[in-house]
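The structure appears below as C-alpha cells.
Per chain, numbering begins at 1; letters A, B, ... match sequence-line order.
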Amino acid sequence: MHTNSNKENKLFKIDDALKEITRGVAEIIDLERIETLLKNYLNTGKNFYIKAGFDPTAPDLHLGHTVVLEKMALLQKYGAIVQFLIGDFTGTIGDPSGRSSTRVKLDDKQVFENAQTYKEQVFKILDPLKTEVVFNSKWLNKLGASGMVELASTFNVARMLERDDFDKRYKSQTPISISEFLYPLLQGYDSVVLKSDIELGGTDQKFNLLMGRTLQRTYNTGKEQAIIMMPLLEGLDGVNKMSKSLNNYIGVTEDANSMFAKVLSISDDLMWKYYELLSTKTVDEIEDLKSKVKSNELHPKSAKEHLAMEIVQKYHDFDKAIKAKEEFDKIHKKRDIPTQIETFEFKAPIWIAKALVNAKLEPSTSQARRDIKQGAVKIDQQKISDEQLSLEKGEYILQVGKRKFAKIKAI
RNA sequence: GGUGAGAUACUCAAGCGGCCAACGAGGGCAGACUGUAAAUCUGCUGGUUUUUACCUUCGGAGGUUCGAAUCCUCCUCUCACCA
C-alpha cells in the first residue's frame, strides 16, 4: 500500500531525526520505541502508524491545533503513516477533559461534511499520500454491549479515578457520569483497532493517551504505542492558551494580511515558542536565528517577519505572503492606508459619530465620541477633535485607531 | 430532606436607603513611546447629538418609601455544612 518510492527521504540520521522529533514536545513516553521504529524504517523501509484523534464537530482549526499536526507532518518525513481519527462516535459522549455540556449526536451527513472541511485545512500541513482518515464509529458501533462490557472489565474504578480531573471532581463531589468513564476506554480501544505505533495529543490528553497503551497490552496486540504529548500553544496575548472563545487565535483559514499582522503582534519571547512548535525550520536553523538576534546581528522584528512569512506561505502561498508583508509595511511603516477598504454609502450630511457606527468602526455613538475626544479618529489621515462634526457630500477615508479603516461616500 | 451563605457591568469584586452608571483589580479600547512587539506612562471602558442632560441596568416578579443595587415578600438558580 504505502510503499516508499521517495528514496531520498530515507537518507537521515537517527540522531538528527530524534532531535527534530523531540523538539518542543512536552513529554514523550517510550522514546526507545520511536527510535526502533525509525531504525526499522531506515533499514527496511517499513512504515509505522501514528494516530491522533479529532473532534467531529465543525472544524475551524487555529494554530494551536496545528502544533500536533506539525509534529505529525514531521514524522511523515521519517516514515510515519498518519491515522487521522475523527471521533464521530466518542464525540457523542463528550471528553470529560473539557467538561463540556452534553453533546448532540451529529448525523452522518454532517460528519462527512466536517471531515471534508478537515481535509481542506489539514492537508496544508500533512502529506495526503501518507494520511488515512478514519472514523471510530466504524468499529465502535460494531463493538456492541458484550464488547463494551468486556472492554470495561479491563479496567477498574480506582485506576480510573487516578485521572486528575476525575479525582478532583470526585473529591469535590461533582458528579461524574459513568459514560465519561467510557470515553478514555473507547479512545484507548481505537489504538487497539488501529494498531497504532505512536499516538499524539496535547498534555491534557495524557490519561487518555496512556489508556491506548494499556489496552493494546491487555488485548495482546503485540504493540504498546509510544506517546508524544505537545504543549498547549499560547495565544496572541501570550498568557492564555490559544482558543476561539478568548479571541486570541490565528485561524488557518484567515486571510493572508491578518494572519501576517497577527503573527507580528506576538511578543518576542513568544515568537521562539512559535518557531519551535510551528516552523518547519530545523532546530539548528532556529538556534542560529536566536543567537543572531541575541548578538544584535538580526533585528527581532526581522526574525518575526520570517516566521510570519513562513506561516502565511504555508496556508496561502508565497505571492500572498509577499503581498501581506508589503501591505503591512504600507500601513504601519509608512502609516499609509490599506489597499482594500470596505466602502459605505450614506446620505449627506451625516454626523461623524453616526457615520463611524454605520461603517462598523465603532459599536456606539457614545464610544465614537470618546474616541474622537481622545484623538483616535482620523478623516483622510487628519486627526479630528470636533465630535459634533458633520460630513458634507463627498468621499472620506475614516480611521479609528491604527487598524480600523472604512471608506464612506456621503451622497 | 434540614440549616446557613450568596446571585452586582466582559471576569473577579466593593457598595448594604439618597453624594450610584455604581469603588477597586484584571481584561479590552485608545493616546504617548516603539519594531502596530514587550515593558512603561496616560485616558476611556451602559446607551442617546437634550452630553455638567436624559434613558436603561445591580438573578426574576411584586411591595414599602418622596427616593432602593441597598429594606420586605415570593420565585429561580448556585454554594457550604448536616442527613
remark   = Comparing A:Leu389 with A:Asp371, nearest RNA chain B nucleotide closer to 5' gives the residue A:Asp371

query = Listed by chain and number, what are the side-chain hydrogen bond (donor to acceptor under 3.5 Å, both in side chains) partners of A:Arg217, not counting sequence neighbours?
reply = A:Glu224

Mind checking the [atom1] distance from [N] to [M]? Whole angstroms is fine.
N: B:G4; M: B:U11; atom1: C1'; result: 27 Å
N: B:C10; M: B:C29; atom1: C1'; result: 13 Å
N: B:G17; M: B:G63; atom1: C1'; result: 15 Å
N: B:A21; M: B:U70; atom1: C1'; result: 16 Å

ask   = What are the two closest heavy atoms between A:Leu398 and A:Ala355, and how far apart are they?
value = CD1-CB, 4.3 Å

query = Looking only at heavy atoms, what is the nearest atom pair of A:Pro231 and A:Gly24, with distance?
reply = CD-O, 3.1 Å

Could you list the protein-to-nucleotides 56-58 of chain B atom pairs, N/O on both sides, closer than 3.5 Å?
none

inquiry  = For the aromatic rings, using the six-membered ring if either is Trp, is the centroid distance between A:Phe123 and A:Tyr118 under 6.0 Å?
reply    = no

key: Pair partner, B:C79 [Watson-Crick or wobble, under 3.5 Å]   = B:G4

task = Under a 3.5 Å limit for both distances, which nucleotide forms a Watson-Crick or G-U wobble pair with B:A37, could you say?
result = none

Distance-only donor-acceptor test (3.5 Å): side chain A:Asp237, base B:G27 = no

inquiry  = Any base atoms under 4.0 Å from A:Ser366, or only sugar-phosphate, or nothing? Heavy atoms, all strands.
reply    = base

ask   = Relative to the ring of A:Phe328, is the ring of A:His332 parallel (under 30°), tilted (30 to 60°) or perpendicular (over 60°)?
value = tilted

key: Side chain of A:Gln374 (C-beta onward), nearest among B:G47, B:G35, B:G43   = B:G43

ask   = When the distance from NZ of A:Lys304 to P of B:G35 is rounded to whole Å, what number comes out?
value = 12 Å

